[in-house]
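What you see is a predicted model; the values in this text were computed from it and never measured.
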Amino acid sequence: MPVGLSDHLCSRRRTIMQEPRAWPTIRRCCSASLAQAPLSMVRRRTTAETRGRRGRASDPEWKARRRLLRNREDLTDDQFATMWNTLLGEGKIGQTLLTAWIAKENLRTLLALARTGADGHQVGHARWKFFTWCADSDIPEVRQLATTVDRWWPEIAAFIHTGHSNAKSEGINRVIKLIARNAFGFRNPANQRLRTRCVTTRRARGHLRTAQL
């Protein structure tokens, strides 16, 4: 039975203890967010080592920081060419950032195989491509990313194979928290349970708007 997890070890251990037959999976957004964090870490570290200071608005790598975090398909050809050529001309800083960016895109390519009916050969090849690139990069943050993905691989593989995650339950949990926050807390637990049930029913979810909470 597939069970979605967040990217925390305590969540995995708790799920396995409560349901030994569970087949834990991890959300795609959790895995993708792991790939974005090293990019910012690499940018800050390389800027400090090369320029001896923090990043400034005049630095090319600072100007490209948001495009580095965006998905390749969300960038136009001109935006991608500008980012790529600018960083490539910056020497070590730019080349290091582009290497980390490619690692992020390779991980996204691997995760994109979920719900596509990809066979084991396709998944294995995408996984090999990601791990090989990270191993050859010689960037500590990128190698740490590969280590994290390898540690969570059973859950990631289960997500790719089944396509199941806990995204829906996380969305409902967000609505429940919004209700409590907008009410500045509930004194009566019965009222809290009633209000929560009202906004999370199937009928209410169909037309629920955040502004209505």
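Counting only distance, with no hydrogens or angles, the side chain of N71 and the backbone of E73 share no donor-acceptor pair below 3.5 Å. A donor-acceptor pair under 3.5 Å is absent between the side-chain atoms of R108 and the main chain of L111, judged by distance alone. Side-chain N or O atoms of K63 include none that pairs as donor or acceptor with a backbone N or O of M83 at under 3.5 Å.
Residue T86 holds its OG1 atom at 10.0 Å from CG of L98, rounded to the nearest 0.5 Å. Put simply, OG1 on T50 and CZ on R45 are 9.0 Å apart, with the number rounded to the nearest 0.5 Å. Atom CG of L68 is separated from atom CZ of R70 by 11.0 Å, given to the nearest 0.5 angstrom.
Hydrophobic clustering (side-chain heavy atoms under 4.5 Å, transitive across Ile, Leu, Val, Met, Phe, Trp, Tyr) keeps V42 apart from L107. Residues L39 and F130 do not share a hydrophobic cluster, defined by chaining ILVMFWY side chains whose heavy atoms lie under 4.5 Å apart. In the hydrophobic clustering of this structure, L87 groups with L69; members are Ile, Leu, Val, Met, Phe, Trp, Tyr whose side-chain heavy atoms approach within less than 4.5 Å, directly or through other members. Cluster annotation: W128 and L110 are assigned to distinct hydrophobic clusters (Ile/Leu/Val/Met/Phe/Trp/Tyr, side-chain heavy-atom contacts under 4.5 Å, transitive). In the hydrophobic clustering of this structure, W133 does not group with L113; members are Ile, Leu, Val, Met, Phe, Trp, Tyr whose side-chain heavy atoms approach within less than 4.5 Å, directly or through other members.
Heavy atoms from other residues, nucleotides or ligands lying under 6.0 Å from CZ of R53 number more than 12. Other residues, nucleotides and ligands contribute more than 12 heavy atoms inside 6.0 Å of the CZ atom of R51.
Taking all atoms of both residues into account, the shortest heavy-atom contact from Q122 to A118 is OE1-CA, 3.2 Å. Nearest heavy-atom pair across C134 and R143 is O-CG, 3.5 Å. Across every non-hydrogen atom of R72 and D77, the tightest pair is NH2-OD1, 3.7 Å.
Taking the six-membered ring for Trp and thresholds of 30 and 60 degrees, W101 and W84 have ring planes more than 60 degrees apart, a perpendicular arrangement. Between H125 and H121, the two ring planes are parallel [angle under 30°; tilted spans 30° to 60°].
Residues that satisfy the ring-ring contact (aromatic ring centres under 6.0 Å, His included) test with W62, not counting sequence neighbours, are absent from this structure. Annotation: salt bridge (Lys or Arg N to Asp or Glu O under 4.0 Å) contacts of D150 (sequence neighbours excluded): R127.
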Yes or no on salt bridge (Lys or Arg N to Asp or Glu O under 4.0 Å) for R43 and E90, after CA distance, side-chain angles and deciding distance?
-> CA-CA 12 Å; R43 176 178 57 79; E90 282 301 306; over 6 Å; no

Can T82 and R67 be said to form a side-chain contact (heavy atoms from CB on, under 4.5 Å), step by step?
-> CA-CA 10 Å; T82 300; R67 291 185 179 179; 3.8 Å; yes

Would you please test I139 and M41 for side-chain contact (heavy atoms from CB on, under 4.5 Å) and show each step?
-> CA-CA 11 Å; I139 301 175; M41 296 171 62; over 6 Å; no

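T46 and E61 share no side-chain donor-acceptor pair at under 3.5 Å.
Side-chain contact between Q144 and T148: present, with at least one pair of heavy atoms (C-beta onward) separated by less than 4.5 Å.
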